[in-house]
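Written below as structure tokens is the structure these notes are about.
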Amino acid sequence: MTLPVHPSPAIFLPENAPFTPEQRSWLNGFFAGLIALDGAAALPLPNVVVGEQDDGEAPWHDQAIALPERMKLADGRPLRRRMMAAMAQQDCGQCGYNCSDYADVLFAKKETRLNLCVPGGKETSRMLKTLYEELDSEPPVIVLPPIGKTPDTAAAEPRVTRDRPAEAVFLSRKRMNKPGSEKETWHFEFDLTGTGLSYEVGDSFGLFVRNDPVLVAQIIAVLGVAPDFPIGASSLHDALLHSVSLNPAPDALFQLISYLTGGERRQKAKALAAGDDPDKDAASLDVLAALEKFPGCKPDPEAFIEALEPLQPRLYSISSSPKIDAARLALTVDAVRYRVAKRERLGVASTFLASRAKPGDRIPAYVQKAHGFALPADPSVPIIMIGPGTGIAPFRAFLQERMATRAPGRNWLFFGHQRSAYDFFYEEELTAMKTAKVLTRLALAWSRDSDHKIYVQDRMREVGRDLWEWLADGAHVYVCGDAKRMAKDVERALVDVTAQFGARSTDDAIAFVAGLKRCGRYQTDVY
Ligand SMILES: Cc1cc2nc3c(=O)[nH]c(=O)nc-3n(C[C@H](O)[C@H](O)[C@H](O)COP(=O)(O)OP(=O)(O)OC[C@H]3O[C@@H](n4cnc5c(N)ncnc54)[C@H](O)[C@@H]3O)c2cc1C
Ligand SMILES: NC(=O)c1ccc[n+]([C@@H]2O[C@H](COP(=O)([O-])OP(=O)(O)OC[C@H]3O[C@@H](n4cnc5c(N)ncnc54)[C@H](OP(=O)(O)O)[C@@H]3O)[C@@H](O)[C@H]2O)c1
């Protein structure tokens, strides 16, 4: 049966339907297309989701909640909301989206890669795989932007993105710790001239780096093939160096290994592929260790590369202000090096920058815009910045910006690290800013200078009365650095200070801090 074709532009939705003009026009076009199809009446009508069909709340959106608990909180919600709950809830942008948008594009099948959530790792990609299977059993769904929001396509897209990175020039590195420190933290600088890259304080810098060539050579030796073995238009060596992640070993690699072996070894490989941990060593199995665990298994190089996951960019909080020099960008990075048995393991991006990149190297990069991590619009608003370790990065940028713009607002920095003699990052700059009265107050917490630990939150409690006064004056609070422990402890300290000096019950103090978050006066950049 052929249905009558409506004259163009077809009108299917009345003017008073609850859609924006863009949504109405898009839907009218969509329905016109459907009806014009021969046999269209037999097609299942798509679900049209405007914004969120559930209550819009995301109680799982807290990186401190473990995945099983997050999935419980999302139980009974629409599939795309459960997909969001599977993400690590950091909104870090490493996948190229925030958690909610990544779920939405998977749901809309505009994105098919289920392994992009770096902080969620294998746990997230396994859960997404399970959820993705539900998609095929659902009728097609169109996700429209919530009413009042302009469609994505209308937004001006930056020229340089994660998918279209520019080449920033690596300029220099400087070790931040003095000899004797247990840490290895670096200040790196990049030249952005001619890249089209621009940034604001609070943004992060995304970098695509190369794997360690020594590790690549070790893997090729275990595979027992020539480094120039062709992989598409590339070679095994180049694919391992540029394209795939070598840590951790993915489920698909264990699956591949299970096809190449038998008996107990096959059962172990299958168990590892299913996320079990038969020998209690799964957490330490990178790609090389996985191959070494099953000696003699020599996967076909092409199948091997296919089983590995893409090498993802790494994000770093920018530690400079473009108001000082728009073509220069600085980072403050802790080098990840640790030992498992006899082999030293290297964090791919941090040690690439710390040891392998050479001044003049061009590194694919993009700027990840901050989601809700920015200086107050009103320059006279006081700010409290809490950033131990590399957490100082965006606050150096904030201070530079407030100095360059002569912002009249007061600035208070809580910095901490292991030892005052070795780990006082940017000491001279901070001292100069204090002398210049840009940095109104500087509170320092050295965790290993005495026989008991002193952390930034201890300093916050010591000066709780002043802290409360700043809050009462409308100060914005910022926290940057370790997500797992520090960020939670700092929030607890703020609740305690609020309860004690704001004369509130603990419940009221918790609600007060939650209110600060809601109105953008408590912002975090934690990882
Ligand atoms: C928004 C954002 C901003 C960030 N800003 C900064 C910043 O300013 N400065 C900064 O230094 N980092 C920052 N990070 C972290 C950074 O992105 C990288 O995660 C970090 O540098 C590690 O990357 P890598 O490639 O060197 O290590 P990877 O190759 O990713 O290895 C890290 C992994 O190694 C494992 N690992 C690490 N240490 C150990 C250990 N001791 N024992 C066993 N396993 C271990 C863990 O599984 C860890 O996930 C930020 C992250 C985000 C999301
Ligand atoms: N994803 C990654 O692979 C990766 C890479 C780099 C860093 N990180 C994370 O980022 C964090 C930042 O590392 P960093 O080098 O900047 O420094 P850091 O390890 O966070 O240490 C900075 C200071 O914070 C102290 N600290 C420890 N626990 C704390 C707590 N609960 N509350 C407040 N302070 C606490 C440390 O003290 P003590 O150490 O003396 O206890 C130290 O003085 C690391 O903790 C790590 O988890 C992750």
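Ligands are counted one by one from 1 in listed order, and the atoms in each one are counted from 1 as well.
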Compute the shortest N/O to N/O distance between [X] and ligand 1 and return yes if it is under 3.5 Å, no if not.
X	result
Arg314	yes
Thr351	no
Tyr316	yes

Nearest-neighbour protein heavy atom for [atom], which is reported as residue plus atom name and distance:
atom	result
atom 7 (C) of ligand 2	Asp334 OD2, 4.4 Å
atom 29 (O) of ligand 1	Val348 N, 2.9 Å
atom 46 (C) of ligand 2	Asp482 OD1, 4.1 Å
atom 40 (C) of ligand 1	Tyr338 CG, 3.4 Å

Taking [atom] as the reference point, report whether a protein heavy atom occurs under 4.0 Å from it.
atom	value
atom 33 (C) of ligand 1	no
atom 1 (N) of ligand 2	no
atom 24 (P) of ligand 1	yes
atom 38 (P) of ligand 2	yes
atom 16 (C) of ligand 1	yes

- Taking the six-membered ring for Trp and the single ring otherwise, decide whether the centroids of Tyr199 and Phe205 are under 6.0 Å apart. no
- Task: May I ask you to check whether Phe398 and Phe373 place their ring centres under 6.0 Å from each other?
- Result: yes
Is the shortest N/O to N/O distance between [X] and ligand 2 below 3.5 Å?
X	result
Tyr527	no
Gln457	yes
His417	yes

- Message: Ignoring hydrogens, what is the shortest heavy-atom contact between Gln63 and Ala483? Give both atom names and the distance.
- Response: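 So the two residues come closest at OE1-CB, 3.0 Å.
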- Ala269 versus Phe254, closest heavy-atom pair with distance: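 Closest approach of Ala269 to Phe254: O-CB, 3.4 Å.
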- Message: Tell me whether Asp286 is salt-bridged to Arg343, with the criterion being a basic N under 4.0 Å from an acidic carboxylate O.
- Response: yes
- Query: Taking 4.0 angstrom as the limit, do Arg485 and Asp482 come out as a salt bridge?
  - Reply: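 Salt bridge between Arg485 and Asp482, a charged N being under 4.0 Å from a carboxylate O: yes.
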- Val336 near ligand 2 by a heavy-atom separation under 4.0 Å: yes
- Task: Would you tell me whether Asp191 and Thr193 have side-chain atoms, one donor and one acceptor, within less than 3.5 Å of each other?
- Result: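 Note: Asp191 and Thr193 side chains meet the donor-acceptor criterion.
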- Between Gly481, Ser447, Ala335, Ala483, which one has a non-hydrogen atom sitting closest to atom 43 (O) of ligand 2? Ser447
- Heavy atom under 4.0 Å from ligand 1: found in Arg345's side chain, backbone, both, or neither? neither
- With Ser321 as reference, evaluate Arg402, Glu401, Gln400 under the side-chain hydrogen bond (donor to acceptor under 3.5 Å, both in side chains) test and give the passing residue. Glu401
- salt bridge (charged side-chain N to carboxylate O under 4.0 Å, His left out) between Asp279 and Lys293: does it pass, once the steps are laid out? CA-CA 11 Å; Asp279 294 332; Lys293 187 174 170 72; 2.6 Å; yes
